[in-house]
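Not measured: the values here are computed from a predicted model. Just so we're on the same page: letters track the sequence lines, and every chain starts at 1.
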Amino acid sequence: MDYTNQKNPQNYSQMEDLKTLDLEESVSETIMRDLKMIAYKLKYVLIPKEQEDNGKELRNWDLWGPLIFCLALAMTLSFKADSTTNSSKSDVFAIIFVLIWVGAFVVTLNAQLLGGKVSFFQSVCLLGYCVFPINIEAIIIAFVGSYLPFVVKLIPVIICFAWSAYSSVGFMASLVPPHKKKLAVYPVFLFYLFLSWFSLIV
Amino acid sequence: MQNFGSNNELDEKGHVLNEQPKIKVKFEPKPKPSKCPICTIEYYQQFFNIEQRDVYMRIRCSILSWKPEFHQCVGKNPDLWGPLWISTTIIFILFAGGNLSRFLLEEDKKHFKYEYNYMYVAVLIVYAMAFIIPIILGVIMKYILKSELGVFDIVCMYGYSLSAYIFVLILCIIPYNEAQWFFLMCGLANSTIFLLVNLWDFMKKNKQTVLIAIPIISFNVALILCFKFYFFRLIYAVDD
């Protein structure tokens, strides 16, 4: 077993090798390793240059990353819910949480029904990771949004929405036959539009 | 030789007498005969057998509602992609547009409160109109009034009839009462004419079948009343 790449695993299979050390290491090491894996996948999904192997890395799907981003987004958006909406914080948290998971489920189901041959969780994993830019814009708007005019707030929203949509569209479009691409991609676009809108009005 | 509960009877030397048929265990996964065919994904795949060109043509048939071409467009291939995503788009427009319309009217923009209840109500109304009502009407038409159209044909038709509302509801964001009523009336006319024109062949059969026009018109009218009085109600500031 090669330990030289232990600090910076170059790919997921080397991370798998490290898993045999699980029981002997401290909790902080385990957590750091999982966080590094999430960061690695995030970089892979969001920066198109990293995808040299045409999305094969996505076969090692996980739902930790999507869960973390979903919780972060729901918490950010419910943070100021009392002052900006007529609903309570817990209502807003619940709406966002359900929207992300049900939305990812329905978008994936749509791709499968259109004839896409993809593992269900692989697609949900990708959609979850692509929620990260929406997280960034939600945090920006939540903390500095009240000082900015509406038009200025739109700029990060549009950029992050475009980034999310662009990252996931490539994968989703590759799943279905050519004449059905727009039918598989439109729901993805609508899903991120919903989430971007929520982060805009927080 | 120990006999661990064999099915076979043995003679005094331990040879097998009257060999029982051996139970063969196969490990091939058999396709489960589904007790509920409607519950499987495979059943619904037949309704997603369309291309982007087909969806474009069907939406075009719906917007040009006075031409009874929808059945030609659809053929034997009703789809569920259109109804599902058109209704979801309308839900988004109702939520975003309804709040935006109120925001534009609001004087105190800094302390504007968004109404998240719009989301719940929108989901309820739009999915009921796009799925539940056409399923009920379709079942009545097929099994009681003996129509040739299947339940999913009616669901498909209703789904595409809502496509005009996408444009109408975006225009309804303009916070003027008269403008909103005008656009909603256009949407109502378009949607109702589309449904009636394409069901005309069925309706002209006899007196009973003409009556199907009544629930169609009433549900459409109820829909725009919901749009106007819940999502796009104009609350004018009252000067005391």
Side chain from CB out, backbone as N, CA, C, O: work out which of these in [X] comes under 4.5 Å of a heavy atom of chain B, or both, or neither.
| X | value |
| --- | --- |
| A/L183 | both |
| A/P178 | backbone |
| A/L114 | both |
| A/L109 | side chain |

Between B/N49, B/I50, B/N117, B/V55, which shows the greatest number of heavy-atom pairs under 4.5 Å with chain A?
B/I50
Only pairs of heavy atoms separated by less than 4.5 Å count here; which of B/E51, B/Q46, B/Q45, B/Q52 has the most with chain A?
B/Q52
Pair count under 4.5 Å, heavy atoms only, with chain B: among A/L113, A/I95, A/V176, A/D91, highest is A/L113
Give me the ring orientation class for A/F121 and A/W61: parallel if the planes are under 30° apart, tilted from 30 to 60°, perpendicular past 60°.
parallel
What is the ring orientation for A/F194 with A/F198, classed by angle as parallel under 30°, tilted 30 to 60°, or perpendicular over 60°?
parallel
Region of [X] that comes under 4.5 Å of a non-hydrogen atom in chain A:
| X | value |
| --- | --- |
| B/D54 | neither |
| B/L80 | neither |
| B/F103 | neither |

For B/Y118, which of B/F232, B/F92, B/Y230, B/F227 qualifies under ring-ring contact (aromatic ring centres under 6.0 Å, His included)?
B/Y230
Write down the atom of [X], the atom of [Y], and the distance for their closest heavy-atom approach.
| X | Y | result |
| --- | --- | --- |
| B/I173 | B/S101 | O-OG, 3.5 Å |
| B/S161 | B/F194 | CB-CD2, 3.4 Å |
| A/W163 | A/P133 | CE3-CB, 3.7 Å |

So, do B/L137 and B/P215 sit near enough that their side-chain heavy atoms are less than 4.5 Å apart?
yes
